[in-house]
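Heads up: the structure comes next, in structure tokens.
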Amino acid sequence: MSERFGVNLSFCVKRWVTPALWARLVREDLGLGLVQLSFDLVDPKWPDALLDRQAAAIREATTAHDVTVHSAFIGLAHYTYNQLLHPDPAVRDVAEAWLGRAYRFAALAGIPSVGGPLGAIASRPDAHEADAIDAADYADLLARMNRLAEVAKGHGLTELYVEPTPMRREWPSTIAQAERMMADVRGSAVPWYYCVDWGHATFAPLYGRDRARMEPWLEALGDDIGMLHIQQTDGLYDRHWDFTEAGMVEPAAAVALLDRTGHADKPVFLEVFYPFERDDASVLDVVRRSVAVLKPAFARG
Ligand code: FE
Ligand code: MN
């Protein structure tokens, strides 16, 4: 990987929605050559002929603007439906098929890997959150992950990613769960890796003030981490702020931490979200200013 720092296209959702629009913006306005596609821009449920045309458009625009699409991530739309851990197994089946179609689309677009959060169980009537999901749900999730790796291999993808989330209803939400899951899917048809998100690992309400830090994730999971999401946050919610906002993430310290913990070669993607009603010019301005801070920090790292 020649470039280490890139952007997730989350900020382009409902705005710079075509490959021609986002590829030009990433290259010309941000000065970057590495992106992560969001499936909030392309829905794998769309008809094959439309997806084939969209995939061709990604190949064409990224070639024209010299932009590499490292991976494609689930985004927020599909994530909303509880996916592979929905209480109704038929919904889990739909989510599994959706991912299979996402893999097919990624392969057509020349994108070698796909990832995101896996799913969420339902809340209890009494609103009590258990420390872990039920064993049967976990076993079912592992079976689906192994089947999905077969499907990904069939489409020619080289790796799959799980993004841990700071929620007890999802899996994995802790380092111990993440270690166990990786051991349990070792040997899958294509390898699973983690994408650790700065604003998830540092979420103090779940992990506690002292333990809500990136360092223990980076040290414990090692090379099971394939990439990272970076965002500005205050640790009180999963903010996905950009770096024009005040927060606890300091770019130079973040790069130093990654380097010190053996992650100097892993791609890092800025992942920021904005209200749909915010005007385009101000979004472009703050993303550009964030990249202007982060890109040099990673170049020095
Ligand atoms: Fe993320
Ligand atoms: Mn997040």
Less than 4.0 Å between a side-chain N and a carboxylate O, is that true for Asp88 and Arg92?
no

Regarding Asp265 and Arg4, does a basic nitrogen lie under 4.0 Å from an acidic carboxylate oxygen? no

Original post:
Has Glu60 got more than 12 heavy atoms of other residues, nucleotides or ligands less than 6.0 Å from its CD?
Top reply: no

Asp238 side chain reached by Thr233 side chain, heavy atoms, under 4.5 Å | no

Taking atom types as modelled, is there a side-chain donor on Gln36 or Ser71 under 3.5 Å from an acceptor on the other?
yes

Lys/Arg N to Asp/Glu carboxylate O, Lys45 vs Asp43, below 4.0 Å
yes

Check your understanding: For atom CG of Asp210, is the number of surrounding heavy atoms from other residues, nucleotides or ligands below 6.0 Å larger than 12?
Key -> no

TODO: State yes or no: are the ring centers of Tyr138 and Trp171 separated by less than 6.0 Å?
DONE: yes

Should the pair Asp224-Arg186 be classified as a salt bridge under the 4.0 Å nitrogen-to-oxygen rule? yes

Is it the case that Asp197 and Gln231 place a side-chain donor and acceptor less than 3.5 Å from each other? yes

- Does a salt bridge link Arg53 with Asp48, judged by any charged N lying under 4.0 Å from a carboxylate O? no

Do Met227 and Val268 touch side chain to side chain, with heavy atoms closer than 4.5 Å? no

State whether Phe5 and Lys295 meet the cation-pi test: NZ (Lys) or CZ (Arg) under 6.0 Å from the six-membered ring centroid, and within 45° of the perpendicular axis. no

Q.
Any donor-acceptor pair under 3.5 Å linking the side-chain atoms of Asp279 with those of Ser282?
A. yes

Determine whether Phe243 and Arg289 make a side-chain contact, defined as any pair of heavy atoms from C-beta on separated by less than 4.5 Å.
-> no

Is the closest basic N to carboxylate O distance between Asp137 and Arg169 below 4.0 Å? no

Problem - Transitive ILVMFWY side-chain link Val42 to Leu21, under 4.5 Å - result: yes

Tell me if the CZ atom of Arg278 is crowded by more than 12 foreign heavy atoms within 6.0 Å.
yes

Review point. Do Glu96 and Leu148 have side-chain heavy atoms sitting under 4.5 Å apart?
Key: yes

Worksheet item: Are the side chain of Gln54 and the backbone of Leu50 linked by a donor-acceptor contact shorter than 3.5 Å?
Response: no

Notebook entry, point to check: Does a salt bridge link Glu215 with Arg260, judged by any charged N lying under 4.0 Å from a carboxylate O?
Noted result: yes

Query raised in the report: Under 3.5 Å, is there a donor-acceptor pair between the side chain of Asn8 and the main chain of Ser10?
Result: yes

- Task: State yes or no: do Leu108 and Leu157 share one hydrophobic cluster built from I, L, V, M, F, W and Y residues joined by side-chain heavy-atom distances below 4.5 Å, directly or via other members?
- Result: no

Under a 4.0 Å threshold between the charged nitrogen and the carboxylate oxygen, would Asp29 count as salt-bridged to Arg24?
yes

- prompt: So, do Trp98 and Phe39 have ring centers that fall under 6.0 Å from each other?
  reply: yes

Residue pair Tyr79 / Glu163, side-chain donor-acceptor N/O under 3.5 Å:
no

Is the distance between the ring centroids of Phe269 and His70 less than 6.0 Å?
-> yes

Starting from Trp241, can I reach Val287 by hopping between I/L/V/M/F/W/Y residues whose side chains sit under 4.5 Å apart? no

Aromatic ring proximity, centroids under 6.0 angstrom, Phe273 and His240
yes

- Are Val293 and Leu270 grouped together when hydrophobic residues (ILVMFWY) are joined by side-chain heavy atoms under 4.5 angstrom apart? no

Around Lys266, counting heavy atoms of other residues, nucleotides and ligands shown, do more than 12 lie under 6.0 Å from its NZ? yes

- So if you build clusters from Ile, Leu, Val, Met, Phe, Trp, Tyr with side-chain heavy-atom gaps below 4.5 Å, do Leu30 and Val283 land together? yes

